[in-house]
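Down below is the structure, laid out as structure tokens.
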Amino acid sequence: MTIRIYNTLSGKREALKPLEPGHVKLYVCGITTYDYCHIGHARSALAFDMIVRYLRYRDYKVTYVRNFTDIDDKIIVRAKEQKCSPEELANRFIDEFYVDMDKLGIDRPDIEPKATEHITEMTDIISELIDKGMAYQAGNDVYYIVDSFPEYGKLSGRNLEDMKAGARISVNEQKRNPMDFVLWKGSKPGEPTWESPWGPGRPGWHIECSAMSRKYLGETFDIHGGGKDLIFPHHENEIAQSEGANGKPFVTTWIHHGFVTIRDEKMSKSLGNFLTIRDILSHYHPEILRFFVFSTHYRNPLDFSETAMQDATTGLVRLYKCIAAVSSLNLAAGVGQSQSVIDDKDRLNIKALEGRFQQAMDNDFNTAQAQGIFFDTAKTINRILKNLPATPLPADITFLKDAGSTLKKLGDIMGILREEGTHFLDTRKQQMLAEIDIDETTIDALVAERFQCRAEKNWARSDEIRDQLLEKNIELKDGPDGTEWSVKRS
RNA sequence: GGCGGCGUAGCCAAGUGGCUAAGGCAGUGGUCUGCAAAACCAUUAUUCAUCGGUUCGACUCCGAUCGCCGCCUCCA
């Protein structure tokens, strides 16, 4: 089976064929470091984290590069506002970014280059483009000549004529063609500057990715990724720069993920409708955010709402309850005299888990389908658990425990089910308990009183206690070994 | 205006032309229970925005229409 990936360049799903067999080289556009990250950034980081984990699970070696844009207009403006240097501002938000990434359990990429540490690599490419007649200096700026690259527009499906017709680009007297874009900006007083053959200045936005990807992954590599909003102009311009300078294809496969929306509108700083990662993580467990993110295919829009987060919570708790129940099975308890209670259909269903998971994920990383398979498996496991006799066959217990381990192993690719089931549920219980107006001692006392009442068949008082606790969002569960309680979400 | 995408049950969401249109949430009936809860079982789309076309066969391909969203300016 091969992994098929949707390629923005061709508009089709294509089989993954790394240029170097078995080794995938991946470059992802990272953040501009001037503010806290919102959940749109989280989706990007999570999507590529999942992709890298899946490729590694499928035995590919992966070299994963993700950059930091640490010099740019927004950084300069924000630094001025906050009365610090652009460098200080950038470093501060890189640190904050790592705080969020660590909380989300996202692995670090192999290489995380910063734009400001690769100025020479950028000026090299700019010089090459000038030598080839594909760029020109105008004043203290250097521009790319879009007309020199006949394939300009091939990624975004545009042509220069159409773009000029609907041009919203501000007129710049220096440019020969309004579509030409800046490679190097002459510096204004007070701005960070670097020396260059064209005078002091700083790089344009697009050139950093051309320069850093070439340095770390070569002139041609397998996958380049980012948000859909980067298709034009950012990635289109990268192609023009890199293919122009190198005279070789730049990237085989372009992966672009969809946006996080709120009430079906793109979450963005300019609309002011964004929620930061730390906003969300102060209310929800990181795995709940991950479960939510992966409930929709990565290319589709993902609409954030409290309801959707509640659904994700319910779903993840359901899976955790299942694996907690399996891990609490005691292998030594079985004395082996009973027969297997697992019928062939259920056995096959559980055995098919990993194969079905791979089939879903091979098809353009279909995590939504993969989650469906998890639920389907959990349902089967729960059914078997229900039918398990007091002294189950040890082989049955082993079979179930293996199924639980497989769920955890596959869940780890999406970054879920990483905790022990009982630990996750207990922690959650404690957190929810802290939010409501009752303590554990009181609950235990009432439960004990109710136990006595039930023994005396005093159902009136027994129900009264249950209702009283339910008012505080405490749900009771009477089992053969006594009464358990849990905190209900209000 | 140009380009791209989406429209599948009350809600969310898979579906790589052909086997019963996954799965989750919510709902309903049942098993269990003193009654509940959880879990399990059953049930919930003769139909995939609409209308045409291609095909032996279409949710899936093509065209048109309607609606929504995104990009074309910084953006994940």
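Chain identifiers are assigned alphabetically (A, B, ...) following the order of the sequence lines, protein sequences preceding nucleic acid strands; residue numbering begins at 1 within each chain.
Toward the 5' end of RNA chain B, the nearer of the two residues A:G372 and A:K379, judged by each one's closest nucleotide, is A:G372. Two residues, A:T380 and A:L230, neighbour RNA chain B, and the one matched to the more 5' nucleotide by heavy-atom proximity is A:T380.
Rounded to a whole angstrom, the distance from the P atom of B:U65 to that of B:G1 is 12 Å. Taking atom C1' in both B:C61 and B:G15, the straight-line distance is 16 Å, to the nearest Å. The gap from the P atom of B:A45 to that of B:G2 amounts to 41 Å, rounded to the nearest Å. B:U31 sits 32 Å from B:A9 when the P atoms are compared, rounded to a whole Å. Annotation: B:A26 and B:A38 have their P atoms spaced 9 Å apart (nearest Å). Comparing B:C3 with B:A64, their P atoms are spaced 11 Å from each other, to the whole Å. When the C1' atom is used for both B:A14 and B:U28, the distance is 25 Å, rounded to whole Å. Between B:C59 and B:U46, the two C1' atoms lie 14 Å apart (nearest whole Å).
Base engagement by A:D463 is indicated by at least one non-hydrogen atom pair under 4.0 Å involving a base atom. A:R450 comes within contact range of at least one nucleobase, with a heavy-atom separation under 4.0 Å. If you check every strand for non-hydrogen atoms under 4.0 Å, A:G226 touches sugar and phosphate atoms only. The residue A:V28 sits apart from the nucleic acid: no heavy atom pair falls under 4.0 Å. Residue contacts shown for A:H234 are absent, as no nucleic acid heavy atom lies under 4.0 Å away.
Using N1 to N3 plus N6-O4 or O6-N4 for Watson-Crick, or N1-O2 and O6-N3 for G-U wobble, each under 3.5 Å, B:A39 pairs with B:U31. Across all strands shown, B:G17 remains unpaired; no Watson-Crick or G-U wobble contact has both distances below 3.5 Å. In this structure, B:C3 and B:G70 make a Watson-Crick or G-U wobble pair, each of the two defining distances being under 3.5 angstrom. The partner of B:C48 cannot be assigned: no Watson-Crick or G-U wobble pair with both contacts below 3.5 Å exists in any strand. Base-pair partner of B:C61: B:G53 (Watson-Crick or G-U wobble, both distances under 3.5 Å).
Here the side chain of A:H257 pairs no donor or acceptor atom with the backbone of A:F48 at under 3.5 angstrom.
Contact annotation: A:K266 does not reach the phosphate of B:A76 (side-chain N/O to OP1 or OP2, under 4.0 Å).
Identified under the side chain to side chain donor-acceptor pair (under 3.5 Å) test for residues 319-328 of chain A, with sequence neighbours left out: A:E287-A:Y320.
Taking A:E420 as the reference, nothing meets the salt bridge (Lys or Arg N to Asp or Glu O under 4.0 Å) condition, with sequence neighbours excluded. Taking the side-chain hydrogen bond (donor to acceptor under 3.5 Å, both in side chains) definition, one finds that A:D180 meets it with A:Y136, sequence neighbours left out. By the ring-ring contact (aromatic ring centres under 6.0 Å, His included) test, A:H285 pairs with A:F424, sequence neighbours left out. Applying the side-chain hydrogen bond (donor to acceptor under 3.5 Å, both in side chains) rule to A:D444 yields the partners A:W485; only residues at least two apart in sequence or on another chain are considered. A:F357 pairs by the ring-ring contact (aromatic ring centres under 6.0 Å, His included) definition with A:F374, not counting sequence neighbours. With sequence neighbours excluded, no residue satisfies ring-ring contact (aromatic ring centres under 6.0 Å, His included) with A:F365. With sequence neighbours excluded, no residue satisfies ring-ring contact (aromatic ring centres under 6.0 Å, His included) with A:F451.
Sorted by residue number, the list of members of residues 95-116 of chain A with any non-hydrogen atom under 4.0 Å from RNA chain B is empty.
Between A:R454 atom CZ and B:G34 atom C1' there is a gap of 8 Å when expressed in whole angstrom units. As a whole-Å value, the separation of A:L271 CG from B:C71 C1' is 14 Å. A:H257 has its NE2 atom 15 Å from the P atom of B:G70, to the nearest Å. Between the NE2 atom of A:H256 and the C1' atom of B:G70 there is a distance of 13 Å, rounded to whole Å. Following rounding to the nearest Å, A:H224 (NE2) and B:A76 (C1') show an atom-to-atom distance of 12 Å. Here B:G23 presents its C1' atom at 9 Å from CD1 of A:I373, a figure rounded to the nearest Å. Here the P atom of nucleotide B:A36 and the CH2 atom of A:W485 are 24 Å apart, to the nearest Å. Look at CG on A:D229: it is 18 Å from P on B:G4, rounded to the nearest Å.
Nearest heavy-atom pair across A:A370 and A:A360 is N-CB, 4.0 Å. Between A:E238 and A:C29, the shortest heavy-atom distance links the atoms OE2-SG, 3.8 Å.
For the pairing with A:H206, the side-chain hydrogen bond (donor to acceptor under 3.5 Å, both in side chains) check across A:Q241, A:H234, A:H235 returns one residue only, A:H234.
With A:Y6 as the aromatic partner, A:R299 meets the cation-pi criteria of under 6.0 angstrom to the ring centre and within 45 degrees of the ring axis. A cation-pi arrangement is not found for A:R43 relative to A:F292, the charged atom failing to lie both closer than 6.0 Å to the ring centre and inside a 45° cone about the ring normal. Taking the ring centre of A:F232 as origin, the terminal cationic atom of A:R158 falls inside the region bounded by 6.0 Å and 45° from the ring axis.
Within a 6.0 Å radius of NZ in A:K269, other residues, nucleotides and ligands contribute more than 12 heavy atoms.
In this structure, A:F259 forms no aromatic stack with the base of B:A76, since the conditions of centre separation below 5.5 Å and plane angle below 30° are not both met.
With B:G70, B:G34, B:C71 as the choices, the nucleotide that has an atom nearest any side-chain atom of A:R158 turns out to be B:C71.
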Which atom pairs link the protein and nucleotides 11-15 of chain B when you take only N or O atoms and keep those under 3.5 Å?
unit_1: B:A14; atom_1: OP1; unit_2: A:H297; atom_2: N; d: 2.9
unit_1: B:A14; atom_1: OP1; unit_2: A:N300; atom_2: ND2; d: 3.0
unit_1: B:A14; atom_1: O3'; unit_2: A:N366; atom_2: ND2; d: 2.6
unit_1: B:A14; atom_1: O2'; unit_2: A:Q369; atom_2: NE2; d: 3.2
unit_1: B:G15; atom_1: OP1; unit_2: A:N366; atom_2: ND2; d: 2.7

Please write out each protein N/O paired with an N/O of nucleotides 37-39 of chain B under 3.5 Å, distance rounded to 0.1 Å.
unit_1: B:A39; atom_1: O3'; unit_2: A:N382; atom_2: ND2; d: 3.4

What nitrogen or oxygen pairs link the protein and nucleotides 47-49 of chain B at under 3.5 Å?
none

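Two rings, from A:Y143 and A:F181, have their centers 6.0 Å or more apart.
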